[in-house]
Amino acid sequence: MPEGPSIVILREEVAAFTGKAVERAEGNSKLDKSRLVGQTVQSFRSWGKHFLIELDDVSLRIHLLLFGSYRINERKQSSPRLSLGFANGELNFYACSVQFIEGPLDEAYEWSADVMGDAWDSRAVLKKLRARPRLLACDALLDQTLFSGSGNIIKNEVLFRTRIHPLSLIGELPAAKLRELAKEVRVYSFDFLRWKREGKLKANWLAHTKTTCPRCKIPFVKAKSLGRSKRRAFYCERCQKRHGDSEKVSVNAPVAEE
DNA sequence: TGGTTTGTTGCAGC
DNA sequence: AGCTGCAACAAACC
């Protein structure tokens with residue numbers, strides 16, 4: 001479910017509830033759900049993997065994490081974390097994180113970091129990346145403050161497309177390569193969105209879960225837990241160039257600034 | 001068949 | 001104090 005493009009799809013699927021009042025709010029979330037009843041949906045928004053329901057005096061932030069799911073005008077057997085009833089149907093969320101966000105959403109998030117968003121600004125992320133030269137490429141692509149909405153699939157695919165080895169140091173990438181990286185995260189995320197809608201997401205993976213490099217045909221490296229983020233990685237040692245050596249860390253050096 | 005995972009948080013222990 | 005590793009969530013997928 002849960003990388004940024006999947007949340008864009010969710011946002012579109014619930015559009016019929018925009019402007020409708022919450023008539024019923026229940027579920028096993030510990031939040032005070034009674035507060036929601038009577039409030040009107042001002043908008044459905046998303047910031048990366050965060051699905052946002054903007055109501056009259058508060059917003060809801062729903063994060064599907066790894067196992068979360070939702071149903072529109074349907075119910076699963078398991079009990080919902082949050083179920084919202086409207087005059088024209090209902091929206092049910094399962095196994096997710098639900099939080100209130102007080103105050104305007106425009107102040108709660110840095111919108112330029114949302115890879116799928118209209119306010120995406122690659123210059124802003126490049127500035128942040130330049131400030132963290134010791135950061136590994138594989139960790140940069142999972143850092144939601146840099147690339148909000150990018151997840152492990154997007155990480156593996158973007159590193160393969162740009163031919164960047166996941167253990168490259170951000171500070172060692174040539175300027176043009178860094179710009180290419182920032183640009184490709186957004187380009188691939190929209191490819192992901194289109195392929196997911198068409199039901200062809202997996203069919204278009206070049207690296208994620210693959211065993212052989214489609215370019216040079218040698219076996220991919222399958223790493224179980226790479227980088228600080230300790231997530232699995234699929235990459236080609238031959239055609240993904242390793243910029244800098246992340247192993248070279250002097251014991252006496254000052255604490256590495258990422 | 002059953003181990004793995006498109007993710008994040010909080011907490012225990014060190 | 002600040003880190004690391006684990007549990008929790010709970011279901012589709014290979």
Side-chain angles (χ1 to χ4, degrees), chain A residues 1-11 13 27-31 46-52 60-71 74-83 92-101 108-109 113-116 134-136 138-161 166 184-186 188-212 220 222-235 249 251 254-258:
Chain A
M1 253 303 102
E3 295 191 32
S6 302
I7 306 304
V8 170
I9 291 170
L10 162 58
R11 209 178 62 206
E13 289 177 342
N28 59 27
S29 162
K30 287 171 191 163
L31 295 186
S46 61
W47 181 83
K49 300 163 190 169
H50 296 206
F51 176 62
L52 303 165
L60 281 169
R61 188 213 79 169
I62 292 166
H63 199 307
L64 296 174
L65 300 159
L66 198 52
F67 305 117
S69 61
Y70 63 90
R71 290 292 185 274
E74 283 177 23
R75 294 183 182 194
K76 298 177 71 167
Q77 282 214 311
S78 56
S79 40
R81 179 75 23 93
L82 181 67
S83 173
N92 301 308
F93 293 98
Y94 304 85
C96 56
S97 160
V98 184
Q99 289 179 14
F100 286 135
I101 296 179
Y109 289 101
D114 179 13
V115 167
M116 301 301 293
R134 300 286 308 167
L135 185 63
L136 298 176
C138 60
D139 289 330
L141 286 166
L142 293 174
D143 186 325
Q144 302 300 296
T145 67
L146 299 170
F147 297 105
S148 174
S150 173
N152 211 33
I153 296 170
I154 294 174
K155 175 196 83 177
N156 284 317
E157 293 298 308
V158 168
L159 291 173
F160 182 73
R161 283 179 165 208
E184 196 59 30
V185 179
R186 182 163 166 98
Y188 177 71
S189 294
F190 280 89
D191 285 343
F192 182 129
L193 175 62
R194 187 176 74 253
W195 286 326
K196 175 110 185 166
R197 282 189 179 127
E198 295 170 353
K200 296 175 183 168
L201 179 64
K202 277 180 198 163
N204 283 286
W205 284 345
L206 298 176
H208 190 73
T209 72
K210 299 295 174 178
T211 55
T212 307
F220 266 132
K222 177 180 176 177
K224 267 197 148 163
S225 88
L226 214 67
R228 179 169 287 201
S229 46
K230 295 190 164 54
R231 301 294 301 277
R232 64 181 184 151
F234 302 84
Y235 58 97
V249 178
V251 177
V255 176
E257 294 257 344
E258 286 192 343

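Proteins come first, then strands; the chains are lettered A, B, ... in the order of their sequence lines, and each starts at number 1.
For K155(A) (side chain) and R232(A) (main-chain N/O), a donor-acceptor pair under 3.5 Å exists by modelled atom type. Side-chain atoms of R81(A) never come within 3.5 Å of backbone atoms of S29(A) as a donor-acceptor pair (strictly under, hydrogens ignored). The backbone N or O of A207(A) sits nowhere less than 3.5 Å from a side-chain atom of N156(A) that would complete a donor-acceptor pair.
Counting non-hydrogen atoms under 4.0 angstrom, S78(A) reaches the backbone sugars and phosphates but no base.
Nearest heavy-atom pair, A140(A) versus F147(A), reported as atom, atom and distance to 0.1 Å: O-CD1, 3.2 Å. Looking at every heavy atom in both residues, P5(A) comes nearest to L193(A) through O-CD1, 3.6 Å. For Y70(A) against Y94(A), the heavy-atom pair with the smallest separation is CA-CD1, 4.3 Å.
Regarding L64(A), its CG atom lies at a distance of 14 Å from the P atom of dT9(B), rounded to whole Å. Straight-line distance from the CD1 atom of I62(A) to the C1' atom of dG7(B): 16 Å, rounded to whole Å. Counting to the nearest Å, the C1' atom of dG7(B) and the CD1 atom of I153(A) are 12 Å from each other. Summarising the geometry, the separation between CZ on F234(A) and C1' on dT4(B) is reported as 10 Å, rounded to the nearest angstrom. The NZ atom of K196(A) sits 13 Å away from the P atom of dA12(C) (whole-angstrom rounding). Whole-Å rounding puts the L226(A) CG to dT6(B) C1' distance at 17 Å. Protein atom CG of N156(A) is 12 Å distant from nucleotide atom C1' of dT5(B), rounded to whole Å. Across the protein-nucleic acid pair, L193(A) atom CG and dT6(B) atom C1' stand 14 Å apart, rounded to whole Å.
Of the P atoms belonging to dT1(B) and dA10(C), the separation is 24 Å, rounded to the nearest Å. The gap from the P atom of dT5(B) to that of dC6(C) amounts to 15 Å, rounded to the nearest Å. Separating the P atom of dA7(C) from that of dG3(B) is a span of 15 Å, rounded to the nearest Å.
For the pair Q144(A) and dG7(B), the criterion of a side-chain N or O lying under 4.0 Å from OP1 or OP2 is not met. Dashed line: the shortest gap from a side-chain N or O of R231(A) to OP1 or OP2 of dT5(B) is not under 4.0 Å. The side chain of H208(A) places an N or O atom within less than 4.0 Å of a non-bridging phosphate oxygen (OP1 or OP2) of dT6(B). Listed pair K49(A) / dT8(B) meets the phosphate criterion, a side-chain N or O lying under 4.0 Å from OP1 or OP2.
Heavy-atom nearest nucleotides on DNA chain C were determined for K202(A) and for Y94(A), and the one closer to the 5' end corresponds to Y94(A).
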- Item | Criterion side chain to side chain contact (heavy atoms under 4.5 Å, CB included) on F234(A) and L206(A), from CA distance to verdict | CA-CA 10 Å; F234(A) 302 84; L206(A) 298 176; over 6 Å; no
- Task: Determine, for nucleotides 4-9 of chain C in 5'-to-3' order, which nucleotides have protein heavy atoms under 4.0 Å from the base (write B), from only the sugar-phosphate (write S), or from neither (write -).
- Result: -S---B
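Nearest to the side-chain atoms of R232(A) among the listed nucleotides dT5(B), dA11(C), dG7(B) stands dT5(B).
For NZ of K222(A), the number of neighbouring non-hydrogen atoms (other residues, nucleotides, ligands) closer than 6.0 Å is 12 at most.
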- Base-pair map of DNA chain C as dot-bracket, where | denotes pairing with a different strand and pairs are Watson-Crick or G-U under 3.5 Å: .||||||||.||||
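Ring geometry, F93(A) versus F51(A): the interplanar angle falls from 30° to 60°, so the pair is classed tilted.
Ring centers of F160(A) and F220(A): under 6.0 Å apart, within the cut-off.
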